[in-house]
Peer 1: 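Here it is, the structure, as structure tokens.
Just so you know, these numbers come straight off a predicted model, no measurement behind them.
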Amino acid sequence: MKTVLITGCSSGYGLETARHFHAQGWNVIATMRTPREELLPRSTRLRVLPLDVTKPDSIAAAVEASGAIDVLVNNAGIGVVGVFEATPMSTIREVFETNTFGVMAMTQAVLPQFRTRQSGVVVNVTSSVTLAPMPLAAAYTASKMAIEGFTGSLAHELAAFNVRVKLVEPG
């Protein structure tokens, strides 16, 4: 039975992705900054783990507790809406820490086991704002566009190891 680790499962796409994989018979590791087990069905095939993708120790603990992972779904993300010039750089850095560097850190954490097994899939979730940019979302769009480039390049890099890297643009 395959195992999927999904980041950002407390709501939205992450929560629904966890429910979908579970319904398909997968072992699911649903991660959240603040775990809320009541959001998902009780099952021996489903575990809820704490994970903050901006904290290396949290990433290491979650990956260690997960064991063998077949698929990583990088879904965790935060949004910001507002006039760019009025958005503090600290807020922009927070968005990039989660939406961009968090994806990269999670990917680095699972790649060693994928390379060793010569199999695995990384799915990076971005946003439809990358297809049609809109006003008041400059920092968010930039953080997601970075993942689009990252995903394409990484797919080429890992193809020789039979590791697939995919992009999902909900919306």
Peer 1: Enter the distance from Leu111:CG to Leu72:CG here, rounded to the nearest 0.5 Å.
Peer 2: 8.5 Å
Peer 1: Looking at Pro35 and Val48, what are the two nearest heavy atoms and their distance?
Peer 2: CB-CG1, 3.7 Å
Peer 1: Are Tyr140 and Ser127 packed together at the side-chain level, in the sense that at least one heavy-atom pair is separated by less than 4.5 angstrom?
Peer 2: yes
Peer 1: Please determine whether residues Val103 and Val110 belong to a single hydrophobic cluster, defined as Ile, Leu, Val, Met, Phe, Trp and Tyr linked transitively by side-chain heavy-atom distances below 4.5 Å.
Peer 2: yes
Peer 1: Report yes if the side chains of Asp70 and Val121 come closer than 4.5 Å at any heavy-atom pair, otherwise no.
Peer 2: no
Peer 1: Please check if atom CD in Glu38 has more than 12 non-hydrogen atoms from other residues, nucleotides or ligands closer than 6.0 Å.
Peer 2: yes
Peer 1: Would you please test Arg19 and Glu16 for side-chain contact (heavy atoms from CB on, under 4.5 Å) and show each step?
Peer 2: CA-CA 5 Å; Arg19 288 177 177 155; Glu16 293 308 316; 2.6 Å; yes
Peer 1: Please round to the nearest 0.5 Å and tell me the distance separating atom CG of Asn27 and atom OG1 of Thr44.
Peer 2: 8.0 Å
Peer 1: Are Leu154 and Val73 grouped together when hydrophobic residues (ILVMFWY) are joined by side-chain heavy atoms under 4.5 angstrom apart?
Peer 2: no
Peer 1: Keeping Asn99 on the side-chain end and Lys144 on the backbone end, is there a donor-acceptor pair under 3.5 Å?
Peer 2: no
Peer 1: Please tell me if the side chains of Arg36 and Leu39 come closer than 4.5 Å, counting only heavy atoms from C-beta onward.
Peer 2: yes
Peer 1: Quick one: sort the Phe101 and Phe96 rings into parallel, tilted or perpendicular, breaks at 30° and 60°.
Peer 2: tilted
Peer 1: Counting distance only, does the side-chain N/O of Arg93 pair as donor-acceptor with the main-chain N or O of Pro88 below 3.5 Å?
Peer 2: no
Peer 1: Given side chains that start at C-beta, do those of Lys166 and Thr151 come closer than 4.5 Å, heavy atoms only?
Peer 2: no
Peer 1: Kindly indicate whether the side chain of Met106, heavy atoms from C-beta on, has any atom under 4.5 Å from the side chain of Leu51.
Peer 2: yes
Peer 1: Measure the spacing between CD of Gln118 and CZ of Phe161 and express it to the nearest 0.5 Å.
Peer 2: 7.0 Å
Peer 1: Atom CZ of Arg33 and atom OG of Ser58: how far apart are they, to the nearest 0.5 Å?
Peer 2: 10.5 Å
Peer 1: For Glu148 and Leu167: C-alpha separation, side-chain torsions, deciding distance, then whether side-chain contact (heavy atoms from CB on, under 4.5 Å) applies.
Peer 2: CA-CA 7 Å; Glu148 301 245 345; Leu167 187 66; 3.3 Å; yes
Peer 1: I'd like to know if Ile92 and Val80 are part of one continuous hydrophobic network [Ile/Leu/Val/Met/Phe/Trp/Tyr, side-chain heavy atoms within less than 4.5 Å].
Peer 2: no
Peer 1: Specify the closest pair of heavy atoms between Gly14 and Cys9, including all atoms of both residues, with the distance to one decimal.
Peer 2: O-SG, 3.6 Å
Peer 1: For the residue pair Ile29 and Thr31, establish whether any side-chain heavy-atom pair is separated by less than 4.5 Å.
Peer 2: yes
Peer 1: Within a radius of less than 6.0 Å around CE of Met145, do more than 12 heavy atoms belonging to other residues, nucleotides or ligands occur?
Peer 2: no
Peer 1: Who are the ring pair (Phe, Tyr, Trp, His ring centres under 6.0 Å) partners of Phe150, not counting sequence neighbours?
Peer 2: none
Peer 1: Do Gln24 and His20 come within less than 4.5 Å of each other through their side chains, counting heavy atoms only?
Peer 2: yes
Peer 1: If the test is side-chain contact (heavy atoms from CB on, under 4.5 Å), which one of Leu49, Leu40, Ile6 qualifies with Met32?
Peer 2: Leu40
Peer 1: Please test Asn74 against Thr7 for side-chain hydrogen bond (donor to acceptor under 3.5 Å, both in side chains), starting from the C-alpha separation and ending with a verdict.
Peer 2: CA-CA 5 Å; Asn74 282 311; Thr7 68; 4.5 Å; no
Peer 1: Rounded to the nearest 0.5 Å, what separation is found between the CZ atom of Arg45 and the NE2 atom of His22?
Peer 2: 3.5 Å
Peer 1: Any donor-acceptor pair under 3.5 Å linking the side chain of Ser143 with the backbone of Val95?
Peer 2: no
Peer 1: Would you say that Leu136 contacts Phe84 through its side chain, given a criterion of any heavy-atom pair below 4.5 Å between the two side chains?
Peer 2: no
Peer 1: Would Val165 and Glu157 count as a side-chain contact (heavy atoms from CB on, under 4.5 Å) if you check the C-alpha gap in whole Å, the side-chain angles of each, and the deciding distance to 0.1 Å?
Peer 2: CA-CA 10 Å; Val165 185; Glu157 184 177 322; over 6 Å; no
Peer 1: Given side-chain contact (heavy atoms from CB on, under 4.5 Å), test Leu5 with Val71 step by step and report yes or no.
Peer 2: CA-CA 6 Å; Leu5 185 152; Val71 176; over 6 Å; no
Peer 1: Verify the cluster assignment for Val125 and Val53: are they in a single hydrophobic cluster under the rule of side-chain heavy atoms below 4.5 Å apart?
Peer 2: no
Peer 1: If you take all heavy atoms of Ala146 and Thr100, which pair is closest and at what distance?
Peer 2: CB-CG2, 3.8 Å
Peer 1: Can you tell me how far the CD atom of Glu169 sits from the OG atom of Ser128, to the nearest 0.5 Å?
Peer 2: 8.0 Å
Peer 1: Answer yes if Ile147 and Val129 sit in the same cluster of Ile, Leu, Val, Met, Phe, Trp and Tyr residues linked by side chain heavy atoms under 4.5 Å apart, and no otherwise.
Peer 2: no
